[in-house]
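This report concerns only the one structure given below.
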Amino acid sequence: MIQHLFKLIWKQRRQNAWIAAELFLVFMLLWYIMDYFITIGYTASIENAYHIEDTYQVQLATVPASSPKYIHYEEGEQIAAEQYLSIIERIRQYPQVEAVCLSNMSVPYCPSYRNLPMGPDTTSLKNCQYLQVTPSYFEVFRIEPLNGGEPSSLKDALTEKSIVISRLMAEKVFPKEQNPKGKSVLCGGNDEFYQIGGVCGAVKRDDYSREERANYFLLSNSDIVDWGETALADLEISIRVKPGLNKHNFIESFQKDMREQLNVGNFLLYKVSSFEDLRDTLYLTNGVTDAIRYRIAFMAFLIFNIFLGIIGTFWFRNEYRKPEIGLRIAIGSTRRQILQMMIGEGWLLVSLVGIPAAIICINIAKMEFIGTNIMPVTFFRIFASLISTYLIMVVFITLGAWYPAYLSSRIAPADTLRSE
C-alpha cells in the first residue's frame with residue numbers, strides 16, 4: 001500500500017509540489033509556536049514551592065513629610081518601628097487571618113529581584129536569589145521541606161546564622177549530598193558562613209520562569225528598627241486567611257474594618273490585593289499574557305489557513321482524479337479503500353515533507369535561534385515540539401482531505417467512465 005502511494009505521489013509530483021511547499025513552510029512555523037508552548041508548559045508543570053491560595057498582600061503608605069498632617073518624632077526610626085510592629089500585630093489579631101509575615105522584595109510573583117553570590121567556598125560562588133523574610137513566611141505560603149513535613153519545621157530553621165535553601169541550590173552547591181542540612185555555605189556579600197537549616201522545594205519567580213537557586217535569610221526585628229517610615233512601608237505584608245472566603249468580600253470587609261486601626265502615626269492602609277491578582281498583573285506587565293495570546297491567535301490563524309489550503313487543494317486534486325477513482329471502483333476497489341488511499345496520500349506527503357523540515361528545525365534549535373532563557377535546548381524539548389507539530393499536521397491533513405475524498409468515493413463508476 002505504501003509503495004503504491006509513493007508511486008501515486010511521484011506520478012503527480014507537479015501537482016503535489018505546491019502543497020508540499022505549503023506544508024514545508026507551515027510545518028516550520030507551527031513548530032516554532034509549538035516549541036514555545038512546550039517550553040512554558042514544561043516549566044509550568046514544575047510545581048512551585050509557593051501555595052498562594054487564600055493569601056493576600058496588605059500595602060501601607062505614609063503621610064508625606066510636606067503634609068500638615070505629618071507627625072514629627074524626635075526618635076523617628078525607633079518610634080516608626082514600634083508603630084509598624086503594632087500594625088502587624090493588629091493585622092495578626094484580625095479574626096479571619098491565620099498567619100502574617102514580612103518580607104523584603106521576596107514575595108511570590110514579585111517583579112523585583114535581588115541576588116547574592118553564595119557557595120561552599122570562595123572558589124565556587126554562584127549567583128543566587130536572595131530572599132529576606134520573617135519565619136512565619138513559610139506558614140503563610142505553605143512552603144514545605146523538600147523531603148516532606150510541616151512548614152513549621154522550616155520556620156524554626158530560619159535564624160540569624162541559619163538559612164533555608166531551595167532544591168536547585170542544594171543540587172548545585174552540594175551535588176553529592178542527598179540532604180545538605182547542617183552544612184555550611186559562604187555568603188559572598190559579607191564573607192560569612194551560614195548553616196543550612198532546611199531545604200524547601202522548587203522556587204521560581206513565576207510559573208513560567210525556570211527554577212532558581214534561592215536562599216531565605218532572616219528578616220529580624222533588629223533590621224526593622226534600623227529602617228525609617230518609607231522603607232518600612234515598602235516592606236511586603238503577606239497574610240493567609242481562613243480557607244473558603246470570597247476574595248472580593250474579604251478585601252472589602254478587611255479594608256472597612258481595619259482602615260482606622262492601621263492608621264497609626266504616619267502609616268496608612270493603602271490597598272489589599274490577592275496574590276492571584278498580583279500574579280495576573282505581573283504577567284500583564286512582563287508580557288507573558290500578551291505573548292501567549294499572540295501565539296494562540298497566530299496558531300489559530302495558521303491552522304485555519306492550513307485547513308482551507310488542504311481542503312481546497314485536495315478538492316481540486318480529487319476533481320480531476322474522478323475518472324481514476326471511478327475506474328478503481330469499477331474494477332473492485334471499495335469506497336473505504338478509496339477513502340483510505342486518498343487520506344493516506346496526505347499522511348505520506350506530510351511525512352515526506354516533515355523530514356527536511358525537521359532537520360532545519362533541529363539546526364535552528366541547535367543554533368539557539370529559539371528562546372533559551374526559560375528552558376535550555378534539550379533532546380526532550382526538540383523531540384516533543386517536533387512530534388506535537390507532526391501530529392497536529394496529520395490531524396488537519398485528515399480533516400482537510402476527508403470530505404473531498406468522501407465525496408469522490410461516493411461517485412458512480414458509470415458516470416466517471418462515461419465522462420472518460
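- Counting non-hydrogen atoms of neighbouring residues, nucleotides and ligands closer than 6.0 angstrom, the CD atom of Gln261 exceeds 12 such neighbours.
- The shortest heavy-atom contact between Gln195 and Gly182 is NE2-O, 3.5 Å.
- Distance check: Ser106 OG to Gln129 CD gives 7.5 Å after rounding to the nearest 0.5 Å.
- The side-chain heavy atoms of Arg381 and Tyr42, taken from C-beta on, include no pair separated by under 4.5 Å.
- The OG atom of Ser385 sits 8.0 Å away from atom CE of Met34, with the distance rounded to the nearest 0.5 Å.
- Atom CG of Asp257 is separated from atom CD of Gln96 by 8.0 Å, given to the nearest 0.5 angstrom.
- Side-chain N or O atoms of Gln255 include one that pairs as donor or acceptor with a backbone N or O of Val272 at under 3.5 Å.
- No side-chain heavy atom of Tyr216 sits less than 4.5 Å from a side-chain heavy atom of Ile165.
- Salt-bridge formation is detected for the pair Arg92/Glu89: a Lys NZ or Arg NE/NH1/NH2 atom is positioned less than 4.0 Å from an Asp or Glu carboxylate oxygen.
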Next on the checklist: The test is side chain to side chain contact (heavy atoms under 4.5 Å, CB included); show your working for Asn104 and Leu235 and say whether it passes.
Outcome noted: CA-CA 5 Å; Asn104 186 13; Leu235 285 179; 3.9 Å; yes

Checklist entry - What do the steps show when you test Tyr137 against Phe141 for ring-ring contact (aromatic ring centres under 6.0 Å, His included), and what is the final call? => result CA-CA 6 Å; Tyr137 181 94; Phe141 295 108; 4.9 Å; yes

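- Ser103 and Glu236 share a donor-acceptor pair across their side chains, judged by distance under 3.5 Å alone.
- A donor-acceptor distance shorter than 3.5 angstrom exists from the side chain of Lys204 to the backbone of Thr43, with no hydrogens or angles considered.
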Checklist entry - Can Phe383 and Thr378 be said to form a side chain to side chain contact (heavy atoms under 4.5 Å, CB included), step by step? => result CA-CA 9 Å; Phe383 177 78; Thr378 60; over 6 Å; no

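- In this structure, CZ in Phe298 is found 10.5 Å from OH in Tyr32, a value given to the nearest 0.5 Å.
- Tyr194 approaches Ser162 most closely through the heavy-atom pair CD2-N, 4.5 Å.
- Atom CG of Leu131 and atom CG of Asn115 lie 11.0 Å apart (nearest 0.5 Å).
- More than 12 heavy atoms of other residues, nucleotides or ligands shown are found within 6.0 angstrom of CZ on Arg295.
- Using a 4.0 Å cut-off between charged nitrogen and carboxylate oxygen, Glu192 and Lys161 count as a salt-bridge pair.
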Next on the checklist: Working note: Thr62 + Tyr70, criterion side chain to side chain donor-acceptor pair (under 3.5 Å); need CA distance, chi angles, decisive distance, verdict.
Outcome noted: CA-CA 9 Å; Thr62 56; Tyr70 183 81; over 6 Å; no

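- The nearest pair of heavy atoms linking Ala81 to Ile224 is CB-O, 3.9 Å.
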Next on the checklist: Before you tell me yes or no, could you show the steps for Ile296 and Phe37 under side chain to side chain contact (heavy atoms under 4.5 Å, CB included), namely the whole-Å CA-CA distance, both residues' side-chain angles and the distance that decides it to 0.1 Å?
Outcome noted: CA-CA 9 Å; Ile296 290 176; Phe37 285 115; 3.5 Å; yes

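- Side-chain contact check for Phe217 versus Asp223: every heavy-atom pair is 4.5 Å or farther apart.
- Taken from CG in Asn263 to CG in Leu60, the straight-line distance is 10.5 Å, to the nearest 0.5 Å.
- Side chains of Tyr113 and Glu212 form a contact here, defined as non-hydrogen atoms less than 4.5 Å apart.
- Contact annotation: the side chain of Ser274 never approaches that of Phe250 to less than 4.5 Å [non-hydrogen atoms, C-beta and beyond].
- Between Met375 and Phe380 there is a side-chain heavy-atom pair separated by less than 4.5 Å.
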Next on the checklist: Pair Ile370, Thr39 - check side chain to side chain contact (heavy atoms under 4.5 Å, CB included), show working.
Outcome noted: CA-CA 10 Å; Ile370 55 178; Thr39 300; over 6 Å; no

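- The shortest distance between side-chain heavy atoms of Leu30 and Met299 falls below 4.5 Å.
- Across all non-hydrogen atoms, the minimal contact from Ile239 to Val140 is C-CG1, 3.9 Å.
- The shortest heavy-atom contact between Leu154 and Cys200 is CD1-CB, 3.9 Å.
- Remark: the backbone N or O of Asp206 is not paired with any side-chain donor or acceptor of Arg279 at under 3.5 angstrom.
- Counting heavy atoms from C-beta outward, Asn215 and Val164 have side chains that stay 4.5 Å or more apart.
- Across Val63, Leu232, Leu262, a single residue satisfies side-chain contact (heavy atoms from CB on, under 4.5 Å) together with Phe267, and that is Leu232.
- His248 NE2: 12 or fewer foreign heavy atoms inside a 6.0 Å radius.
- Ala170 and Val199 make their closest contact through CB-CG1, 4.1 Å (heavy atoms, listed as atom of the first residue, atom of the second, distance).
- A 6.0 Å sphere centred on NZ of Lys366 holds no more than 12 heavy atoms belonging to other residues, nucleotides or ligands.
- A salt bridge is absent between Glu211 and Lys172; no separation between the charged side-chain nitrogens and carboxylate oxygens falls under 4.0 Å.
- For the side chain to side chain donor-acceptor pair (under 3.5 Å) test with Tyr109, the passing option among Asn48, Asp207, Thr281, Asp280 is Asp207; the others fail.
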